[in-house]
Amino acid sequence: MAQLTLHTVVYSLSLWMGLYLLQRNDRNPALRLTGVGLVSYAIGLAMAAIGDSFFSRVLIGLVPLVAWALAVWHFVQRPDDNTPPRNIVWLLYIGSAFFLLSLGALVLPIAWLLAQPTQLTIGVDLLIVGYAIAKLDAHNEGEALLPGALQSLITVAVGNVILGAQVLIVMAIDGTSTGMVTLLFGVLGGYTLLRVFGRALQAFIDKSLLAENSAVQSQRDALHLESEALARTDARLTLLTMPADEFTRHTRRALRDINRPDKLMANPLMQLPLLNADPDERPLVRAGKLRTLLIDRIHQLKPNSDAYGTTDAWRYYNALYYPYVVGLKPYSRRFSTEHLDEATRAVFAWMQTQVPERTLYNWQNAAAKVIADDLRASLEPQMQPDAAIWQ
């Protein structure tokens, strides 16, 4: 019973973290791959507790290994404009090293892999790697990790303890059977899945039940977005003490997320005095003001001409306005141009045929720096005269 209880604890933690990483940031491949590895490990651990099999060994060892390798590759291929914290990078390396050592059991007799300590050690290593990847993603996005993650973890843990304890008590009275063990892991897994993806499920239910009342649905969606954004906002980031390169990086992120109010609400640029925000103003309203401000700064990059252009004078404007505001994806084969006007189609064709993807990325970085310098200048009256960090 003690071994089974330990199994369920590691299973619950791994499954929760895997699902949490899968839903945290849909644009970070490393985060999604790490989540897949953790979910695979959790399922394999449950299968091993029910009855050891070949599939459980694959899910515990092989799938997490492939997912980890791809996640680390994506991390290494990250853009050069972002330097992650050294302590988190070292944590990722240490967790990866122990993970590989634990997987060394794969080349030993099968009995070693099926041993309880080996299975659980792999889980602990994956949890360390998962936390490091999530922390790096939060740093990259300018967001906080622990408030939202701990809220989700505590909610899941309380429910799992209540539900799991009941099943374990019945097992202690009537004995352990394959059916009861399956029920235990199924109940814990189902509850974890519902809690982590509960808001997505709630949004789907709202759209179904409140389809005829769009005002109520919009209000509920706004409250959900604001709640998630507040949990991700990093209060330690202040614009007045932020280094210039970090300010530029957050400006770049805000431009990329210009049509994502959930992301804008958690961006440090929400502190800009140019927004003229009331202290009691809703975050979603301020995010709308930030979007308007950024679009205005993008239009200031446009040459004095009513027609579109593709000369060097247009490169910064085109690099920001069309991919971010309009939503062009010139390097995606699945992007349809049927809904675009003639001028936008011409710019789309120019990007596809004349502008390499890396060149467009460099233009976006340079244009973001121009806008960041302009926005940062609005903070100068509030800055310390001797603030060397702005020099």
For the pair [X] (side chain) and [Y] (backbone), establish whether a donor and an acceptor sit closer than 3.5 Å, ignoring hydrogens and angles.
| X | Y | value |
| --- | --- | --- |
| S332 | K329 | no |
| S40 | V36 | no |
| Q23 | L19 | no |
| R345 | E338 | yes |
| Q364 | L320 | no |
| N318 | G309 | yes |
| N259 | Y324 | yes |
| R286 | E281 | yes |
| Y41 | G123 | yes |
| Q271 | L237 | yes |

Inset, instruction - Flag the pair E143 and R24 as a salt bridge only when some basic side-chain nitrogen lies within less than 4.0 angstrom of an acidic carboxylate oxygen. - result: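 Looking at E143 and R24, the cut-off is met.
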Separation between [atom1] of [X] and [atom2] of [Y], rounded to the nearest 0.5 Å:
| X | Y | atom1 | atom2 | result |
| --- | --- | --- | --- | --- |
| M351 | T310 | CE | OG1 | 10.5 Å |
| D245 | R249 | CG | CZ | 8.0 Å |
| T192 | L13 | OG1 | CG | 9.5 Å |
| T34 | L92 | OG1 | CG | 8.5 Å |
| F348 | L328 | CZ | CG | 6.5 Å |

Legend entry - Steps toward side chain to side chain donor-acceptor pair (under 3.5 Å) verdict (T238, T241): CA-CA 6 Å; T238 57; T241 59; 2.6 Å; yes
Inset, instruction - Taking atom types as modelled, find out whether N25 and R32 have a side-chain donor-acceptor pair closer than 3.5 angstrom. - result: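 Looking only at side-chain atoms, R32 and N25 do not form any donor-acceptor pair under 3.5 Å.
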Inset, instruction - May I ask you to check whether T344 and D341 show a side-chain donor-acceptor distance below 3.5 Å? - result: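 There is such a pair between these side chains.
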List the atom of [X], the atom of [Y], and the distance in Å for their closest heavy-atom pair.
| X | Y | answer |
| --- | --- | --- |
| P323 | L360 | CG-CD2, 4.4 Å |
| H7 | A49 | CD2-CB, 3.8 Å |
| I258 | L264 | O-CD1, 3.7 Å |
| H339 | F335 | CE1-CZ, 4.2 Å |
| L379 | P273 | CD2-CD, 3.3 Å |
| A42 | S14 | CB-CB, 4.1 Å |

Using the rule that Ile, Leu, Val, Met, Phe, Trp and Tyr join whenever any side-chain heavy atoms are under 4.5 Å apart, tell me whether [X] and [Y] fall into a single cluster.
| X | Y | result |
| --- | --- | --- |
| L163 | V158 | no |
| L59 | V66 | yes |
| V58 | W68 | yes |
| V161 | V167 | no |
| V285 | L290 | no |

Inset, instruction - Could you tell me whether F55 atom CZ has more than 12 heavy atoms of other residues or ligands within 6.0 Å of it? - result: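 Result for CZ/F55: open.
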Inset, instruction - For side-chain contact (heavy atoms from CB on, under 4.5 Å), just list the numbers for N267 and H250, CA-CA rounded to whole Å, side-chain angles, deciding distance to a tenth of an Å, and then say yes or no. - result: CA-CA 7 Å; N267 194 292; H250 291 306; 4.0 Å; yes
Inset, instruction - Sequence neighbours left out, what pairs pass salt bridge (charged side-chain N to carboxylate O under 4.0 Å, His left out) with at least one residue falling in residues 362-374? - result: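 Only R297-D374, K369-D373, D373-R376 qualify under salt bridge (charged side-chain N to carboxylate O under 4.0 Å, His left out).
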Inset, instruction - Step by step, work out the side-chain contact (heavy atoms from CB on, under 4.5 Å) result for D26 and L31. - result: CA-CA 8 Å; D26 56 0; L31 210 62; over 6 Å; no
Inset, instruction - Evaluate the criterion side chain to side chain donor-acceptor pair (under 3.5 Å) for residue pair W16 and S152; output intermediate values, then yes/no. - result: CA-CA 9 Å; W16 164 78; S152 176; 2.9 Å; yes
Inset, instruction - With sequence neighbours excluded, tell me which residues meet side-chain contact (heavy atoms from CB on, under 4.5 Å) with P147. - result: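 Here the qualifying residues are A144.
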Legend entry - Under the side-chain contact (heavy atoms from CB on, under 4.5 Å) test, residues paired with S177 that sit two or more places apart: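 In terms of side-chain contact (heavy atoms from CB on, under 4.5 Å), with neighbours along the sequence ignored, S177 is linked to M180.
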Inset, instruction - Run the numbers on N365 and R252 for side chain to side chain donor-acceptor pair (under 3.5 Å), then give the verdict. - result: CA-CA 7 Å; N365 282 342; R252 175 79 162 83; 2.7 Å; yes
Inset, instruction - Any pair with a residue in residues 143-194 that passes ring-ring contact (aromatic ring centres under 6.0 Å, His included), sequence neighbours left out, goes on the list, sorted by first then second residue, please. - result: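 Passing the test, one end in residues 143-194: Y11-F185.
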Inset, instruction - Could you list who else is in I173's hydrophobic cluster, with ILVMFWY side chains joined at under 4.5 Å, directly or through other members? - result: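 Same cluster as I173: I169.
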Legend entry - Whether Y317 and Y321 hold their rings parallel, tilted or perpendicular, with breakpoints at 30° and 60°: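 Rings of Y317 and Y321: parallel, under 30°.
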Inset, instruction - Step by step, work out the side-chain contact (heavy atoms from CB on, under 4.5 Å) result for L375 and F247. - result: CA-CA 9 Å; L375 295 177; F247 190 101; 4.1 Å; yes
Inset, instruction - Check the pair V355 / W350 against side-chain contact (heavy atoms from CB on, under 4.5 Å), numbers first and verdict last. - result: CA-CA 7 Å; V355 183; W350 168 71; 3.6 Å; yes
Inset, instruction - Sequence neighbours left out, what passes side chain to side chain donor-acceptor pair (under 3.5 Å) with D312? Give chain and number order. - result: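 In terms of side chain to side chain donor-acceptor pair (under 3.5 Å), with neighbours along the sequence ignored, D312 is linked to no residue.
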